[in-house]
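As structure tokens, the structure follows; a few thoughts come after it.
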Amino acid sequence: QVRLVESGGGSVQAGGALRLSCAVSGYAYCMGWFRQVPGKEREWLASINRERTTRYADSVKGRFAISQDNVKNTLYLQMGRLKPEDTAMYYCAASPYVTNLCTVSELIDDWGQGTRVTVSS
């Protein structure tokens with residue numbers, strides 16, 4: 001089991017930027033970022049695996065960047081050109097299985113507690 005602790009959320013104006021961090025304790029083959037707003041399903045945003053292959057949802061491609069620092073055992077999500085519709089709770093996710101792309105919430109094995117992002121217009 002992987003322990004995940006997010007940080008870096010906050011309030012920002014539209015067009016601004018934020019960097020989310022996720023401290024990772026334990027082994028993960030793939031890791032990802034998801035977000036959720038009340039009343040909606042959890043939405044996949046980006047993922048990365050141990051080969052450093054990255055994947056992005058169309059909604060954030062070109063605006064968000066996922067990266068990992070293996071020395072600091074930290075996953076990041078650099079978010080730019082933020083929009084009010086990016087307002088959500090953001091979650092870090094992980095899975096130890098090599099067949100997992102960390103793009104489907106139902107297949108995620110471990111979740112962080114979430115960090116809130118609010119983008120005002």
Side-chain angles (χ1 to χ4, degrees):
Q1 189 173 1
V2 178
R3 183 168 181 261
L4 306 168
V5 180
E6 301 99 331
S7 61
S11 297
V12 64
Q13 288 193 326
L18 277 176
R19 188 178 76 163
L20 305 183
S21 300
C22 175
V24 182
S25 298
Y27 173 80
Y29 173 74
C30 67
M31 301 195 65
W33 288 96
F34 290 72
R35 68 187 178 191
Q36 190 169 25
V37 297
K40 292 191 175 182
E41 292 186 355
R42 198 161 289 191
E43 175 190 10
W44 167 70
L45 302 175
S47 61
I48 188 169
N49 62 19
R50 295 188 76 84
E51 288 80 34
R52 296 189 178 273
T53 299
T54 57
R55 295 176 173 85
Y56 294 94
D58 289 342
S59 59
V60 303
K61 196 175 294 182
R63 298 191 300 125
F64 292 8
I66 190 171
S67 62
Q68 58 186 21
D69 184 327
N70 291 330
V71 174
K72 296 181 178 180
N73 293 323
T74 302
L75 180 75
Y76 299 102
L77 185 68
Q78 181 67 50
M79 305 186 296
R81 289 185 283 146
L82 284 163
K83 307 173 183 180
E85 51 264 44
D86 293 317
T87 295
M89 185 71 83
Y90 284 69
Y91 296 91
C92 178
S95 172
Y97 302 109
V98 297
T99 55
N100 201 332
L101 301 178
C102 282
T103 60
V104 179
S105 62
E106 290 82 359
L107 300 180
I108 293 297
D109 295 276
D110 298 290
W111 293 97
Q113 83 288 351
T115 186
R116 184 171 300 279
V117 172
T118 302
V119 184
S120 58
S121 57

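Values below: every heavy atom of this structure, side chains too, minus hydrogens, waters and symmetry copies.
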Please check: side-chain N/O of [X] versus main-chain N/O of [Y], any donor-acceptor pairing under 3.5 Å?
| X | Y | value |
| --- | --- | --- |
| Trp33 | Tyr76 | yes |
| Gln113 | Val5 | no |
| Glu6 | Thr115 | no |

Same cluster or not: are [X] and [Y] linked, directly or through other Ile, Leu, Val, Met, Phe, Trp or Tyr residues, by side-chain heavy atoms under 4.5 angstrom apart?
| X | Y | answer |
| --- | --- | --- |
| Ile66 | Met89 | no |
| Met79 | Ile48 | yes |
| Val104 | Ile108 | no |
| Leu4 | Leu20 | yes |

Quick one: pull up [atom1] in [X] and [atom2] in [Y] and give me the separation to the nearest 0.5 Å.
| X | Y | atom1 | atom2 | answer |
| --- | --- | --- | --- | --- |
| Gln78 | Ser21 | CD | OG | 9.5 Å |
| Glu85 | Ser121 | CD | OG | 10.0 Å |
| Met31 | Arg50 | CE | CZ | 10.0 Å |
| Asn49 | Cys102 | CG | SG | 8.5 Å |
| Leu77 | Cys22 | CG | SG | 10.5 Å |

Please identify each residue that fulfils side-chain hydrogen bond (donor to acceptor under 3.5 Å, both in side chains) with [X], with sequence neighbours left out.
| X | answer |
| --- | --- |
| Gln36 | Arg42 |
| Tyr56 | none |
| Lys61 | Asp58 |
| Ser95 | Asn100, Asp109 |

Residues in side-chain contact (heavy atoms from CB on, under 4.5 Å) with Arg81, at least two apart?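 side-chain contact (heavy atoms from CB on, under 4.5 Å) list for Arg81, sorted by chain: Arg63.
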Residue set satisfying side-chain contact (heavy atoms from CB on, under 4.5 Å) with Thr103, at least two apart, ordered chain then number -> Trp44, Ser47, Arg55, Leu101
Identify the heavy atoms of Gly26 and Val2 that sit nearest to each other, and give their distance.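 Here Gly26 and Val2 meet closest at C-CG2, 4.1 Å.
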Would you mind reporting whether Phe64 and Leu82 have side-chain heavy atoms less than 4.5 Å apart? yes
Any side-chain donor-acceptor pair under 3.5 Å between Tyr91 and Glu43?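 There is no such pair between these side chains.
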Tell me yes or no: between the side chains of Arg35 and Tyr90, is some donor less than 3.5 Å from an acceptor?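 Side-chain D/A pair, Arg35 to Tyr90: present.
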Give a yes or no on this: more than 12 heavy atoms of other residues, nucleotides or ligands lie within 6.0 Å of atom CD of Gln13.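 No.
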May I ask you to check whether over 12 heavy atoms, not counting those of Glu51, lie within 6.0 Å of atom CD?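 Yes - once you tally the heavy atoms of other residues, nucleotides and ligands closer than 6.0 Å, there are more than 12.
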